[in-house]
Student: 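First the structure, which I've put down as structure tokens, then a few questions once you've had a look.
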Amino acid sequence: MKTDILAIGDIVTDAFIRLKEAEVHCEINTVTCKLGLDFGAKIPYEYAEIAKAVGNSANAAVASARLGLNASLLAYIGDDENGELCVKELQK
């Protein structure tokens with residue numbers, strides 16, 4: 001089968017967390033804001049959502065496949081549990 005697009009690059013596992021406590025500091029009359037946390041402190045959070053096999057190349061391949069193109073991905077994956085979980089996620 002012919003490949004329409006070959007995405008080449010690293011894949012990663014990413015975590016998105018919802019913080020419980022943090023301070024937001026914004027400069028007056030600008031949209032520049034900073035998130036403040038105590039240095040060295042354990043950061044309390046409500047939940048974390050783990051996203052396996054993401055990154056620019058994987059996202060491009062998945063988006064292309066959803067558009068109907070025959071997409072392939074070339075990426076190095078570790079021979080460990082995390083690598084296996086990433087492959088299973090991509091197969092979905």
Side-chain angles (χ1 to χ4, degrees):
M1 188 182 299
K2 183 182 133 203
T3 297
D4 295 317
I5 182 170
L6 173 61
I8 302 172
D10 297 330
I11 61 172
V12 298
T13 298
D14 210 347
F16 299 91
I17 62 172
R18 175 171 294 197
L19 298 175
K20 277 186 178 180
E21 301 170 15
E23 296 177 9
V24 177
H25 303 278
C26 298
E27 296 180 17
I28 296 175
N29 298 325
T30 68
V31 295
T32 304
C33 294
K34 297 178 182 176
L35 180 64
L37 303 165
D38 291 333
F39 181 76
K42 300 269 187 208
I43 301 172
Y45 64 93
E46 293 176 13
Y47 70 90
E49 183 176 332
I50 307 299
K52 298 276 186 193
V54 295
N56 292 338
S57 59
N59 293 350
V62 170
S64 299
R66 288 181 179 171
L67 289 171
L69 299 172
N70 184 16
S72 297
L73 172 66
L74 176 63
Y76 287 109
I77 298 177
D79 187 19
D80 58 1
E81 180 182 5
N82 189 49
E84 290 175 18
L85 292 172
C86 286
V87 169
K88 287 180 183 176
E89 188 67 29
L90 288 169
Q91 288 172 339
K92 285 184 193 176

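Because the structure is predicted, anything quoted here is derived from the model rather than measured. Residue numbers start at 1 and run along the sequence shown.
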Student: Could you measure the distance from the CG atom of Leu37 to the CD1 atom of Ile43? Nearest 0.5 Å is fine.
Tutor: 5.0 Å
Student: What distance do Asp4 atom CG and Leu67 atom CG have between them, rounded to the nearest 0.5 Å?
Tutor: 11.0 Å
Student: As an exercise, state the distance from CD1 of Ile8 to CD1 of Ile5, rounded to the nearest 0.5 Å.
Tutor: 10.0 Å
Student: Decide if atom CG of Asp79 counts as having more than 12 heavy atoms of other residues, nucleotides or ligands within a radius under 6.0 Å.
Tutor: no
Student: Is the number of heavy atoms from other residues, nucleotides or ligands within 6.0 Å of CG (Asp10) greater than 12?
Tutor: no
Student: Would a hydrophobic clustering, with Ile, Leu, Val, Met, Phe, Trp and Tyr connected at side-chain separations under 4.5 Å, put Leu35 with Ile17?
Tutor: yes
Student: Measuring only between side-chain heavy atoms, which start at C-beta, is Ile11 closer than 4.5 Å to Leu73?
Tutor: yes
Student: Can you measure from CZ (Arg18) to CD (Glu49) and round to the nearest 0.5 angstrom?
Tutor: 10.5 Å
Student: Measure across Gly83 and Asp80 and return the closest heavy-atom pair with its distance rounded to 0.1 Å.
Tutor: N-OD1, 2.8 Å
Student: Can you establish whether the number of heavy atoms outside Glu46 located under 6.0 Å from its atom CD is more than 12?
Tutor: yes
Student: Heavy atoms, side chains only, cut-off 4.5 Å: are Leu85 and Glu89 in contact?
Tutor: no
Student: CG/Leu69 to NZ/Lys2 distance, rounded to the nearest 0.5 angstrom?
Tutor: 9.5 Å
Student: Which heavy atom of Ala7 sits nearest a heavy atom of Ser57, and at what distance?
Tutor: CB-O, 3.3 Å
Student: Kindly check if the number of other-residue, nucleotide or ligand heavy atoms within 6.0 Å of CG (Asp14) is above 12?
Tutor: yes
Student: Roughly how far, to the nearest 0.5 Å, is CD1 of Ile77 from SG of Cys86?
Tutor: 6.5 Å
Student: Taking all heavy atoms of Gly9 and all of Ala75, pick out the closest pair and write down the distance.
Tutor: O-CB, 3.0 Å
Student: Scan side-chain atoms only and decide if Asn82 and Thr13 contain a donor-acceptor pair under the 3.5 Å cut-off.
Tutor: yes
Student: List the atom of Ala53, the atom of Ala58, and the distance in Å for their closest heavy-atom pair.
Tutor: O-CB, 3.4 Å
